[in-house]
Asks: 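Got a structure for you, written out below as structure tokens; questions coming shortly.
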Amino acid sequence: MPELPEVETVVRGLRISLPGREIVDVRFGKTDFVDDPAAIAERLPGMRIADVTRMGKFICIVLEPMSARSDLPSSRLYFVVHLGMTGRLTVVPAADSVVPHTHGFFALDDGRELRYTDVRRFGRMLLVQESGLPEFAGRLGKEPLEISAEEFCRSFAQRRARLKSLLLDQRILRGVGNIYADESLFRARLHPARIAENVSKKQLLALHRTVREVLEEAIRSRGSSISDYVDSEGNRGTFQQRHRVYQRDGKACLRCKSKIKRIIVAGRSSHYCPRCQPAPRTRHAARKRLKPRMHSDSHR
DNA sequence: AGCTCTTCCTGAAAGC
DNA sequence: TGCTTTCAGGAAGAGC
């Protein structure tokens with residue numbers, strides 16, 4: 001599933017082959033994942049792709065009119081794509097056969113076509129005006145590769161939520177998903193259900209470091225391909241071979257040989273090593289610890 | 001504030 | 001064997 005490293009890999013590929021090209025035609029199959037498909041089909045043709053950037057898990061295709069004049073107020077347009085779970089953005093010769101579940105076709109002026117394929121259609125597609133970009137970006141948190149250690153600690157300290165749920169919250173960090181949350185927590189030796197305010201500054205600093213480390217390594221491996229993910233040229237990533245806990249439940253921890261476990265935290269399956277990432281003490285356990293001889297004390 | 005549950009969607013895998 | 005059920009999950013919204 002595309003998270004920051006996968007989206008970054010797609011963006012780097014698109015940035016090589018798209019800028020300078022003009023979009024000449026737009027066609028859609030199903031449009032239930034598209035905000036205002038008519039506006040996209042109306043406005044994109046005749047625009048030139050100026051750049052392709054990433055905002056968290058969003059791909060941002062920057063468009064400008066073919067006759068852009070630097071002395072006029074900019075009328076740039078941002079074509080924003082989220083790949084959801086199974087989205088793919090690829091550039092292929094327009095004559096290539098169409099793989100199933102391809103719902104967006106963006107013909108270029110060089111005979112190629114940008115295509116959007118998405119089996120489950122959890123992705124999203126929308127247009128953002130230049131004036132609306134700050135608001136759009138403002139709803140997202142900091143880039144995990146840019147946030148300072150101090151800022152990172154500040155956004156986690158004093159929060160009563162679980163580490164896993166904060167890592168997945170796009171309003172705090174933009175781009176971390178289930179795979180990289182689990183992998184970062186393992187490397188920092190922190191249990192996913194730990195309450196953030198109970199985690200020491202030293203441990204938060206470790207988590208800040210491992211989040212960056214994992215994301216950077218994954219980008220170097222061109223992302224993780226679990227089922228559907230491929231880059232803009234259709235190639236799979238290789239970071240799935242380096243996962244230490246994600247989807248390794250039942251297997252031996254690479255550090256201590258304990259069996260990796262899978263539990264649900266924040267509604268997401270979470271993989272961790274019970275020995276390297278000790279569970280937080282529950283209230284119940286804490287009380288038992290204090291009064292080990294108490295008989296059937298009322299629960300809750 | 002933060003949790004759980006639900007919705008969206010399809011294919012793979014498990015269950016019978 | 002073949003059908004039915006369950007599950008996975010990013011994000012958003014409801015309700016507690």
Side-chain angles (χ1 to χ4, degrees), chain A residues 1-8 10 28-35 37 54-60 80-89 98-104 116-126 128 135-141 143-144 154-185 191-199 211 215 218 223-230 240 243 245-250 261-272 280 282-284 300:
Chain A
M1 45 229 73
E3 303 179 23
L4 188 151
E6 291 76 30
V7 177
E8 178 65 24
V10 170
F28 283 116
K30 292 186 178 174
T31 55
D32 53 358
F33 62 97
V34 185
D35 276 12
R54 181 182 61 76
M55 288 186 294
K57 298 178 196 170
F58 290 92
I59 295 164
C60 198
V80 176
V81 180
H82 193 298
L83 301 176
M85 295 290 300
T86 52
R88 299 177 173 194
L89 259 188
V98 175
V99 305
H101 306 290
T102 302
H103 300 296
Y116 182 75
T117 306
D118 191 348
V119 173
R120 296 183 204 174
R121 305 206 300 285
F122 274 19
R124 257 181 81 198
M125 227 173 239
L126 67 152
V128 178
E135 194 203 326
F136 183 85
R139 283 197 289 266
L140 295 169
E143 275 293 332
R154 232 179 294 134
S155 29
F156 278 67
Q158 294 171 29
R159 296 288 304 252
R160 296 186 184 183
R162 296 163 168 181
L163 291 177
K164 178 70 179 260
S165 118
L166 294 175
L167 284 172
L168 293 179
D169 189 337
Q170 302 297 301
R171 293 166 302 182
I172 298 175
L173 290 180
R174 52 168 80 163
V176 177
N178 211 29
I179 296 173
Y180 300 105
D182 282 4
E183 293 295 320
S184 309
L185 286 166
H191 190 284
R194 290 281 302 272
I195 303 296
E197 68 172 3
N198 299 337
V199 173
V211 166
L215 294 175
S224 304
S225 290
I226 301 292
S227 53
D228 298 77
Y229 165 72
V230 291
Q240 66 280 5
H243 292 173
V245 285
Y246 187 77
Q247 287 190 349
R248 291 195 67 247
D249 36 314
K261 279 194 168 184
R262 188 179 81 98
I263 54 171
I264 301 296
V265 180
R268 295 276 166 270
S269 64
S270 301
H271 312 76
Y272 71 102
T282 62
R283 217 177 259 171
H284 182 68
R300 78 181 49 197

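Chain identifiers are assigned alphabetically (A, B, ...) following the order of the sequence lines, protein sequences preceding nucleic acid strands; residue numbering begins at 1 within each chain. As the structure is a computational prediction, the values presented were derived from the model and not from experiment. Basis for what follows: all heavy atoms, side chains included, without hydrogens, waters or symmetry-related copies.
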Asks: Just report the end-to-end axis angle for the helix from B:dG2-C:dC16 to B:dC16-C:dG2, five pairs per end, to 10 degrees.
Replies: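 That helix gives 60° between its end axes.
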Asks: Can you list the residues that meet the salt bridge (charged side-chain N to carboxylate O under 4.0 Å, His left out) rule with A:R174, with sequence neighbours excluded?
Replies: A:E143
Asks: With a 4.0 angstrom cut-off to heavy atoms of chain A, pull out the first and last contacting nucleotide of DNA chain B, in 5'-to-3' order.
Replies: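 So the contact region on DNA chain B extends B:dG2 to B:dG11.
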Asks: In whole Å, I'd like the distance from the CG atom of A:L126 to the C1' atom of C:dA12.
Replies: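 A:L126 atom CG is separated from C:dA12 atom C1' by 14 Å.
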Asks: Applying ring-ring contact (aromatic ring centres under 6.0 Å, His included), can you list everything that pairs with A:F58, at least two apart in sequence or on another chain?
Replies: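 If we apply the ring-ring contact (aromatic ring centres under 6.0 Å, His included) test to A:F58, skipping adjacent residues, the hits are A:H82, A:F136.
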Asks: Kindly write out the residues that satisfy side-chain hydrogen bond (donor to acceptor under 3.5 Å, both in side chains) with A:R171, not counting sequence neighbours, or none if the list is empty.
Replies: A:D169
Asks: Just to be sure I understand the geometry, which residues of residues 156-177 of chain A put a non-hydrogen atom under 4.0 Å away from DNA chain C?
Replies: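 Residues of residues 156-177 of chain A that come under 4.0 Å of DNA chain C are, in numerical order, A:Q170.
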Asks: Which residues pass the ring-ring contact (aromatic ring centres under 6.0 Å, His included) test with A:Y116, sequence neighbours left out?
Replies: A:F33
Asks: How would you list, by chain and number, every residue that makes a side chain to side chain contact (heavy atoms under 4.5 Å, CB included) with A:R262, sequence neighbours excluded?
Replies: A:D249, A:I264, A:S269, A:H271
Asks: Anything under 3.5 Å between a protein N or O and an N or O of nucleotides 5-8 of chain C, put it in a table, one pair a line.
Replies:
from  : atom 1 : to     : atom 2 : distance (Å)
C:dA8 : OP1    : A:R262 : NH1    : 3.3
C:dA8 : OP1    : A:R262 : NH2    : 3.1
C:dA8 : N3     : A:R120 : NH1    : 3.3

Asks: Is the shortest side-chain N to carboxylate O distance from A:E197 to A:R159 below 4.0 Å?
Replies: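 A salt bridge is absent here (no side-chain N lies under 4.0 Å from a carboxylate O).
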Asks: Looking at A:R160, I'd like to know if its CZ atom is crowded, meaning that more than 12 non-hydrogen atoms belonging to other residues, nucleotides or ligands lie closer than 6.0 Å.
Replies: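 Atom CZ in A:R160 is not packed in, count stays at 12 or less.
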Asks: Show me the protein contacts with nucleotides 13-16 of chain C, counting only N or O atoms at under 3.5 Å.
Replies:
none

Asks: List the residues meeting side chain to side chain contact (heavy atoms under 4.5 Å, CB included) with A:T102, not counting sequence neighbours, and say none if there are none.
Replies: A:V98, A:V99, A:F105, A:R115, A:T117
Asks: Check side-chain hydrogen bond (donor to acceptor under 3.5 Å, both in side chains) between A:E183 and all other residues, then give those that pass, not counting sequence neighbours.
Replies: none
